[in-house]
Number of protein chains: 2
Amino acid sequence: MSKGVRTRAAILGEALSLMSTDGLSGLTIGLLAERTGLSKSGLFAHFGSKEQLQVAVLQEAQACFTTHVIRPVLDLPRGLPRLEAFAEGWWAWNRSPPFPGGCPIQAASLELDDRPGPLRDEIAGAQRRLRAFIRQGAAMAVAAGHFRPGLDCTLFAFQMVGIAFAQTMTCRLLGEPEGLDFVRRAWRLQVDGALGTTQNQTGEMNHVE
Amino acid sequence: MSKGVRTRAAILGEALSLMSTDGLSGLTIGLLAERTGLSKSGLFAHFGSKEQLQVAVLQEAQACFTTHVIRPVLDLPRGLPRLEAFAEGWWAWNRSPPFPGGCPIQAASLELDDRPGPLRDEIAGAQRRLRAFIRQGAAMAVAAGHFRPGLDCTLFAFQMVGIAFAQTMTCRLLGEPEGLDFVRRAWRLQVDGALGTTQNQTGEMNHVE
DNA sequence: TTGACAATAGCACGATCGTTCGTTTATTTG
DNA sequence: CAAATAAACGAACGATCGTGCTATTGTCAA
């Protein structure tokens, strides 16, 4: 596999950087051509349409996330160790991803959530897969006895996604240096709430009014 | 209130709707003029530049949020009642704000977090004020004895912001009908963890009374 | 009612958008 | 090495972008 595939990869890499700062709608063919040193038409020929380019970029972003965050933790033992390592890797990714801007998946998720079409489908799929990964990770921790039985792993994933977004707000938008501390403490609270407890009651339902 | 002010308000209202679906960068002067029935130049004269229009829209979004979510709960007693009402109002706003799209503040926050300038300053200020409101709300709950003393109200606000973003993902992007349930359960867990407990130990550990 | 002034329209500008097409240059293959 | 194919270019298109002007309309106080 040669030239064509290689330049296509280079284009997507540059596109990811551009998108991380300017968003999907800021990803323009002219600008991208300029940064890659290609002509507009030469670059365009690789994708056939702007939308196909955008889809390719979203897929590239997922692949990059998998490489940097998911794959490394798959070597670790299932359950809590893997989950903890994934968390730490995710926080690191969110704070300083391999792009000049922030996490492109988070950005695209809020950019596309009201515009039905192939782009939204793509990013929605990414979020679904991510949540499934977390959910299964939590389920493994339950199976391994690290987390208490009856834990709602879907809710667990929901909460973890929330922490990740709150991190982006704190670390990137507000630029607060202590942001990572809040992330870790919120995550610790969530994990502690999921641990197997000595006197464990009804499971997820807690409360009393 | 004179003509100019009235049309300006109408423009901003329409701009808010447009922005909620297409984002700040999708908010174009030509499109906005078309929707308001004005000419491009006529509309343009109200703001002087695109950036000033965008700033005005961001401020309008904050004003709208204050009117719909913040102000109503200020009548309620300080502490937990006000905080709970605010939460419920916020979830309602996130799921179905008075625009065709999702919450413009959330969307703009992730759109602008990597682009320094007046726009980012504006939305960062909005997020800071929102967090401060939550923090103070939690502090009032502590003062009223609803929440345990020593609660980290900043962390509390951090977590609540996370829930709100996770809600947008679930309810808007993924379109899961049970999304609001997760929101409420995550929020309940957070509140329970902050309540004054009978035997209160080291800190964040919670659990039921 | 008229005169002052705010509000809006009309038009044009340079730039850039996504896209098409024919041509030229590289690369791969026989 | 030559033929076949892939990759990239250059120029142009209609549309739309944000932004200046000037002229016209509308509003409001005297």
Side-chain angles (χ1 to χ4, degrees), chain A residues 1-60 108 111-112 115-120 122, chain B residues 1-60 108 111-112 115-120 122:
Chain A
M1 298 272 170
S2 272
K3 198 73 194 305
V5 183
R6 252 179 295 132
T7 43
R8 189 188 148 105
I11 292 171
L12 288 180
E14 195 59 40
L16 257 184
S17 290
L18 203 72
M19 176 201 165
S20 76
T21 59
D22 294 2
L24 250 195
S25 58
L27 181 63
T28 198
I29 291 183
L31 210 59
L32 190 54
E34 184 182 311
R35 296 217 191 174
T36 51
L38 293 177
S39 66
K40 263 175 49 170
S41 53
L43 189 150
F44 184 85
H46 278 274
F47 303 95
S49 80
K50 170 106 189 256
E51 194 175 58
Q52 285 177 264
L53 163 65
Q54 290 172 313
V55 170
V57 173
L58 290 180
Q59 290 170 344
E60 179 72 10
E111 190 176 350
L112 298 170
R115 277 176 279 181
L119 293 178
R120 191 176 84 158
E122 186 63 44
Chain B
M1 193 201 251
S2 234
K3 191 74 193 308
V5 184
R6 252 180 293 130
T7 45
R8 189 188 147 104
I11 292 172
L12 287 179
E14 194 60 39
L16 218 42
S17 290
L18 202 67
M19 176 200 164
S20 77
T21 59
D22 293 3
L24 250 196
S25 59
L27 180 62
T28 199
I29 292 183
L31 210 59
L32 189 54
E34 184 182 311
R35 297 217 190 174
T36 51
L38 293 177
S39 65
K40 262 174 51 170
S41 55
L43 188 149
F44 184 85
H46 278 273
F47 303 94
S49 78
K50 171 105 189 257
E51 194 175 56
Q52 285 177 264
L53 163 65
Q54 289 173 313
V55 169
V57 173
L58 289 181
Q59 290 170 344
E60 179 72 11
E111 191 175 349
L112 299 170
R115 276 177 279 180
L119 294 178
R120 192 177 83 158
E122 187 62 43

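No experiment lies behind these values; they were computed from the predicted model shown.
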**Request:** Starting from P on C/dG18, measure out to CD on A/Gln54 and report it in whole angstrom.
**Result:** 8 Å
**Request:** Using atom CG of B/Leu32 as one end and atom P of D/dC17 as the other, report the distance to the nearest whole Å.
**Result:** 11 Å
**Message:** Rounding to an integer number of Å, can you tell me how far B/Leu27 CG sits from D/dT16 C1'?
**Reply:** 15 Å
**Asked** A/Ile29 has an atom CD1; how far is it from atom P of D/dC9, in whole Å?
**Response** 14 Å
**Between CG on residue A/Leu32 and OG1 on residue A/Thr28, distance to nearest 0.5 Å** = 8.5 Å
**Request:** Send over the distance from A/Glu34 CD to C/dT16 C1', rounded to a whole Å.
**Result:** 11 Å
**Message:** Tell me the closest heavy-atom pair linking A/Met19 and A/Ala108, and the distance in Å.
**Reply:** CE-CB, 3.6 Å
**Item:** Distance (rounded to the nearest 0.5 Å) between B/Gln54 CD and B/Ile29 CD1
**Value:** 8.5 Å
**Prompt:** Rounded to the nearest 0.5 Å, how far does CG of B/Leu27 lie from NZ of B/Lys50?
**Reply:** 6.0 Å
**Prompt:** Rounded to whole angstroms, how far apart are CZ on A/Arg8 and P on C/dT27?
**Reply:** 20 Å
**Asked** Starting at the 5' end of DNA chain C, which residue's closest nucleotide do you reach first, A/Leu31 or A/Gly48?
**Response** A/Leu31
**Asked** OP1 or OP2 of C/dA7 sitting under 4.0 Å from any side-chain N/O of B/Thr7?
**Response** no
**Asked** Tell me, which of residues 36-47 of chain A have any heavy atom that sits under 4.0 Å from an atom in DNA chain C?
**Response** A/Lys40, A/Ser41, A/Phe44
**Request:** To the nearest 0.5 angstrom, please state how far the NE2 atom of A/His46 sits from the OG1 atom of A/Thr36.
**Result:** 9.0 Å
**Request:** Could you go through the side chain to side chain contact (heavy atoms under 4.5 Å, CB included) check for B/Thr7 and B/Leu43 one step at a time?
**Result:** CA-CA 9 Å; B/Thr7 45; B/Leu43 188 149; over 6 Å; no
**D/dA6 OP1/OP2 closer than 4.0 Å to side-chain N/O of A/Lys3** = no
